[in-house]
Amino acid sequence: MMSNEPTRQCVQYVQDHMEHVIWCTANIEVRVTIFEIHEILNNSDHCTLPLRTITTVLNIRRAWQYLIDNIDQPVDWQTLCDYNSLIG
(Lines give C-alpha, C1' and ligand atoms only; values in the text may rest on other atoms or scores of the structure.)
Protein backbone atom coordinates (compact mmCIF):
# COMPACT_ATOMS: atom_id res chain seq x y z
CA MET A 1 0.00 0.00 0.00
CA MET A 2 1.35 3.42 -0.92
CA SER A 3 2.50 5.39 2.05
CA ASN A 4 1.09 8.83 1.30
CA GLU A 5 -1.23 10.85 -0.90
CA PRO A 6 1.45 12.58 -3.04
CA THR A 7 2.98 9.20 -3.89
CA ARG A 8 -0.43 7.80 -4.79
CA GLN A 9 -1.12 10.84 -6.98
CA CYS A 10 2.22 10.48 -8.78
CA VAL A 11 1.62 6.80 -9.46
CA GLN A 12 -1.90 7.55 -10.68
CA TYR A 13 -0.56 10.24 -13.01
CA VAL A 14 1.99 7.85 -14.52
CA GLN A 15 -0.66 5.16 -14.96
CA ASP A 16 -3.09 7.61 -16.56
CA HIS A 17 -0.43 9.01 -18.91
CA MET A 18 1.68 5.90 -19.48
CA GLU A 19 1.91 6.26 -23.27
CA HIS A 20 3.15 9.84 -22.97
CA VAL A 21 5.59 8.96 -20.17
CA ILE A 22 6.98 6.08 -22.24
CA TRP A 23 7.19 8.31 -25.31
CA CYS A 24 9.20 10.92 -23.38
CA THR A 25 11.53 8.25 -22.04
CA ALA A 26 11.88 6.35 -25.32
CA ASN A 27 12.89 9.41 -27.29
CA ILE A 28 16.14 9.49 -25.36
CA GLU A 29 17.04 6.19 -27.06
CA VAL A 30 15.05 5.95 -30.30
CA ARG A 31 13.00 8.23 -32.55
CA VAL A 32 9.37 7.28 -32.12
CA THR A 33 6.04 9.09 -32.33
CA ILE A 34 3.28 8.94 -29.74
CA PHE A 35 1.17 7.08 -32.33
CA GLU A 36 3.94 4.49 -32.71
CA ILE A 37 4.12 4.13 -28.92
CA HIS A 38 0.38 3.43 -28.90
CA GLU A 39 0.80 0.91 -31.72
CA ILE A 40 3.64 -0.91 -29.94
CA LEU A 41 1.89 -1.03 -26.57
CA ASN A 42 -1.41 -2.20 -27.99
CA ASN A 43 -0.40 -4.35 -30.94
CA SER A 44 3.33 -5.09 -30.82
CA ASP A 45 2.92 -8.42 -32.64
CA HIS A 46 1.82 -6.62 -35.81
CA CYS A 47 4.03 -3.55 -35.54
CA THR A 48 6.34 -2.89 -38.50
CA LEU A 49 8.83 -0.70 -36.61
CA PRO A 50 12.41 -1.89 -36.15
CA LEU A 51 12.84 -4.56 -33.49
CA ARG A 52 15.19 -2.29 -31.52
CA THR A 53 12.47 0.34 -31.25
CA ILE A 54 9.81 -2.15 -30.18
CA THR A 55 12.13 -3.75 -27.63
CA THR A 56 13.13 -0.36 -26.21
CA VAL A 57 9.52 0.71 -25.77
CA LEU A 58 8.46 -2.58 -24.17
CA ASN A 59 11.46 -2.54 -21.83
CA ILE A 60 10.61 1.00 -20.75
CA ARG A 61 7.03 -0.08 -20.03
CA ARG A 62 8.30 -3.01 -17.95
CA ALA A 63 10.66 -0.74 -16.04
CA TRP A 64 7.90 1.77 -15.25
CA GLN A 65 5.63 -1.04 -14.12
CA TYR A 66 8.42 -2.38 -11.90
CA LEU A 67 8.79 1.05 -10.28
CA ILE A 68 5.04 1.28 -9.71
CA ASP A 69 4.82 -2.25 -8.31
CA ASN A 70 7.70 -1.59 -5.91
CA ILE A 71 6.85 1.98 -4.92
CA ASP A 72 6.80 1.14 -1.19
CA GLN A 73 10.05 -0.81 -1.20
CA PRO A 74 13.30 0.78 -0.09
CA VAL A 75 15.70 1.59 -2.88
CA ASP A 76 18.68 -0.69 -2.43
CA TRP A 77 21.34 -2.22 -4.64
CA GLN A 78 19.15 -5.18 -5.64
CA THR A 79 16.28 -2.91 -6.65
CA LEU A 80 18.62 -0.84 -8.81
CA CYS A 81 20.05 -3.99 -10.42
CA ASP A 82 16.56 -5.34 -11.12
CA TYR A 83 15.47 -2.03 -12.66
CA ASN A 84 18.62 -1.83 -14.75
CA SER A 85 18.12 -5.34 -16.10
CA LEU A 86 14.58 -4.41 -17.17
CA ILE A 87 15.49 -1.16 -18.86
CA GLY A 88 18.66 -2.53 -20.49
Side-chain angles (χ1 to χ4, degrees):
M1 187 79 19
M2 283 178 252
S3 58
N4 60 45
E5 183 63 16
T7 300
R8 189 194 67 72
Q9 289 175 344
C10 288
V11 168
Q12 189 63 53
Y13 178 86
V14 169
Q15 290 172 329
D16 291 347
H17 300 90
M18 185 61 77
E19 286 185 8
H20 182 76
V21 170
I22 292 172
W23 175 73
C24 290
T25 308
N27 273 292
I28 295 169
E29 298 290 327
V30 293
R31 293 296 236 155
V32 63
T33 67
I34 194 73
F35 176 79
E36 291 166 332
I37 294 290
H38 179 80
E39 182 181 8
I40 292 167
L41 296 179
N42 294 292
N43 200 14
S44 62
D45 292 339
H46 298 96
C47 188
T48 60
L49 292 166
L51 183 58
R52 178 177 184 262
T53 300
I54 295 168
T55 302
T56 298
V57 169
L58 295 177
N59 285 348
I60 290 169
R61 178 179 63 184
R62 279 191 282 276
W64 272 106
Q65 192 58 54
Y66 177 81
L67 291 176
I68 291 167
D69 292 346
N70 293 284
I71 195 75
D72 289 328
Q73 301 302 316
V75 177
D76 58 13
W77 185 251
Q78 187 59 52
T79 303
L80 294 174
C81 289
D82 292 344
Y83 175 80
N84 189 55
S85 70
L86 289 169
I87 201 76

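Source: prediction; values computed, not measured. Sequential numbering from 1 along the given sequence is applied to the chain's residues.
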Distance only, no hydrogens: is a donor on one side chain within 3.5 Å (strictly under) of an acceptor on the other, for Thr56 and Asn59? no

Please determine whether residues Ile34 and Leu49 belong to a single hydrophobic cluster, defined as Ile, Leu, Val, Met, Phe, Trp and Tyr linked transitively by side-chain heavy-atom distances below 4.5 Å. yes

Can you tell me if Gln12 uses its side chain to pair, donor with acceptor, with the backbone of Gln9 under 3.5 Å? no

Distance, nearest 0.5 Å, that separates CH2 of Trp64 from OH of Tyr83: 7.0 Å

How far does CD of Glu29 sit from OG1 of Thr55, to the nearest 0.5 angstrom? 12.5 Å

To the nearest 0.5 angstrom, please state how far the NE2 atom of His38 sits from the CE atom of Met18. 14.5 Å

Does a side-chain heavy-atom distance below 4.5 Å link Thr53 with Ile40? yes

Roughly how far apart are His17 NE2 and Cys24 SG, rounded to 0.5 Å? 11.0 Å

Compare all side-chain heavy atoms of Asn42 with those of Glu19 and state whether any distance is below 4.5 angstrom. yes

Return yes if some donor-acceptor pair links the side-chain N/O of Trp23 with the main-chain N/O of Val32 below 3.5 Å, else return no. yes

Quick one: pull up CG in Leu67 and CD in Gln73 and give me the separation to the nearest 0.5 Å. 12.0 Å

Find out whether Ile37 and Leu41 are in side-chain contact, i.e. whether some heavy atom of one side chain is under 4.5 Å from a heavy atom of the other. yes

Side chains of Arg52 and Val57: does their closest heavy-atom pair fall under 4.5 Å? no

How far does OH of Tyr66 sit from OG1 of Thr79, to the nearest 0.5 angstrom? 4.5 Å

